[in-house]
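Okay, structure first, notes after.
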Amino acid sequence: MIAKHLLVTAGLATSLLAIAGEARPATPPALVCKLPRDSNQTLAPTVRHGLIDHLPQYPAVWLATPRKRTRARHILTRLVAAAEQGNWQNVRAAARAGYDTRHRPRESGDRSVFYFHAERHQEPRGRSIFDFTRPKALIYANAPGRPLVLVGAMWSSRDGEVGPTPAAAILRWHSHVVCKEGKKRGLKPLAGGRCPPGSRLTQGASEMLHVWFTGELRSAFAIRAPRPELCAAGLLPRTSCR
């Protein structure tokens, strides 16, 4: 089912590790984007790392070389093959594969669609942080009155690491503004952008990458869930696509 939503590219002989690349070591300051944290401006389409609110929603595919576009399509092809083989659409199969599919109950009267990230347990890392056959999390659309629907995947780096970008600016890593206390994992700020006592508001030192099962290159590498394309692919309920 997922396969029909992704572009299939023939003749992809490039090795998996050569395309995945290596995570480049960096100190947290290297992750600070070129705009002030609270800026309303948008970074250039060639930028590959930055705060989620500063990066353009869609990549500038036309700026990528044919080789980079081929690499991006290869990533999609390998990802969809892994999803089909692992039957990730089935939540129970995803749980057996090590993903935590427990999700919070919907509040009474809540009719919104939200995107549930089923993270897998920590595993020994291979040569790259970007193994596109083994995402850090599977993303499901959680809509009222229907089962979870697989719509995307996510990868994340450790603090201070810079994610590899084998497909150039088609493949972009984003960070978030978080409440940070010491070496603990950053947490989402409270209402109004406040932080709990003992923590401070800062740009997170880890990065994330999303890939979406939309069926075309541009929206597959969108920063946030590309709602129009997910609707067009039939992955969201019609009531939420009006």
Side-chain angles (χ1 to χ4, degrees), residues 1-8 52 57-58 72 75-123 129-157 163 171-176 178 185-188 204 206-242:
M1 177 179 176
I2 299 174
K4 68 181 181 180
H5 294 308
L6 289 180
L7 297 172
V8 178
I52 188 169
Q57 164 69 342
Y58 297 98
I75 291 168
L76 292 176
T77 301
R78 294 300 297 266
L79 175 61
V80 71
E84 293 283 358
Q85 183 177 2
N87 193 22
W88 296 341
Q89 293 183 90
N90 185 301
V91 176
R92 292 184 178 180
R96 289 194 296 270
Y99 292 95
D100 187 353
T101 58
R102 296 171 297 176
H103 54 285
R104 64 177 176 83
R106 184 176 295 275
E107 296 181 3
S108 178
D110 182 4
R111 307 298 297 173
S112 63
V113 176
F114 58 88
Y115 299 95
F116 165 62
H117 290 54
E119 294 193 24
R120 62 171 166 78
H121 306 298
Q122 189 72 30
E123 298 174 351
I129 66 174
F130 183 38
D131 178 352
F132 38 82
T133 65
R134 185 63 171 163
K136 172 63 176 176
L138 303 177
I139 306 176
Y140 295 88
N142 187 336
R146 65 179 288 185
L148 296 177
V149 175
L150 181 67
V151 296
M154 186 205 77
W155 292 259
S156 61
S157 70
L171 195 157
R172 300 162 301 154
W173 294 76
H174 67 269
S175 54
H176 292 267
V178 297
R185 182 176 181 177
L187 300 177
K188 182 179 179 179
S206 62
E207 297 185 305
M208 281 134 278
L209 166 72
H210 291 148
V211 179
W212 308 95
F213 296 117
T214 60
E216 58 93 25
L217 200 60
R218 178 174 174 267
S219 58
F221 289 95
I223 294 296
R224 301 177 187 271
R227 185 169 168 270
E229 290 83 3
L230 290 174
C231 286
L235 298 178
L236 298 181
R238 292 183 179 179
T239 54
S240 68
C241 296
R242 296 171 182 171

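This is a predicted model, so every value here is computed, not measured.
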(request) Return each pair, listed once, that meets side-chain hydrogen bond (donor to acceptor under 3.5 Å, both in side chains) where at least one residue sits in residues 135-155; pairs must be two or more places apart or across chains. (result) R106-N142
(request) Sequence neighbours left out, what passes ring pair (Phe, Tyr, Trp, His ring centres under 6.0 Å) with F116? Give chain and number order. (result) H103
(request) Using a 4.5 Å cut-off on heavy atoms from C-beta on, say whether the side chain of R224 contacts that of I52. (result) yes
(request) May I ask you to test the M154-L209 pair for a side-chain heavy-atom distance under 4.5 Å? (result) no
(request) Could you check T77 against F132 for side chain to side chain contact (heavy atoms under 4.5 Å, CB included), going step by step and ending with a plain yes or no? (result) CA-CA 10 Å; T77 301; F132 38 82; over 6 Å; no
(request) Look up atom CE in M208 and atom NE2 in H117, then write down how far apart they are to the nearest 0.5 Å. (result) 9.0 Å
(request) Run the numbers on F213 and L76 for side chain to side chain contact (heavy atoms under 4.5 Å, CB included), then give the verdict. (result) CA-CA 8 Å; F213 296 117; L76 292 176; over 6 Å; no
(request) Calculate, to the nearest 0.5 Å, the distance between atoms CZ and CZ belonging to R134 and R78 respectively. (result) 14.5 Å
(message) For A143, is there any backbone N or O sitting under 3.5 Å from a side-chain donor or acceptor partner on R111?
(response) no
(message) Before you tell me yes or no, could you show the steps for V91 and Y99 under side chain to side chain contact (heavy atoms under 4.5 Å, CB included), namely the whole-Å CA-CA distance, both residues' side-chain angles and the distance that decides it to 0.1 Å?
(response) CA-CA 9 Å; V91 176; Y99 292 95; over 6 Å; no
(message) For the CG atom of L138 and the OG1 atom of T101, what is their distance to the nearest 0.5 Å?
(response) 9.5 Å
(message) Check whether E216 reaches the backbone of S219 with its side chain - one donor and one acceptor, N or O, closer than 3.5 Å.
(response) yes
(request) Look up atom CD1 in I129 and atom OG in S156, then write down how far apart they are to the nearest 0.5 Å. (result) 8.0 Å
(message) Ignoring hydrogens, what is the shortest heavy-atom contact between P228 and Y58? Give both atom names and the distance.
(response) CD-OH, 4.3 Å
(request) Return the minimal non-hydrogen interatomic distance between S206 and S157, and the atom names on each side. (result) CB-O, 3.3 Å
(request) Among V151, T214, L150, find the residue that satisfies the side-chain contact (heavy atoms from CB on, under 4.5 Å) test when tested with L235. (result) V151
(request) Please report the closest heavy-atom contact between T133 and A82, naming both atoms and the distance. (result) O-CB, 3.7 Å
(message) Among residues at least two apart in sequence or on other chains, which ones pass side chain to side chain donor-acceptor pair (under 3.5 Å) with E119?
(response) R185
(request) Of all the heavy-atom pairs spanning P237 and V113, show the shortest one and how long it is. (result) CG-CG2, 4.3 Å
(request) Under the side chain to side chain contact (heavy atoms under 4.5 Å, CB included) rule, what do H210 and I139 come out as? Steps first, then yes or no, please. (result) CA-CA 9 Å; H210 291 148; I139 306 176; 3.8 Å; yes
(message) Determine whether a donor-acceptor pair (N or O, by modelled atom type, separation under 3.5 Å) exists between the side chain of W88 and the backbone of A93.
(response) no
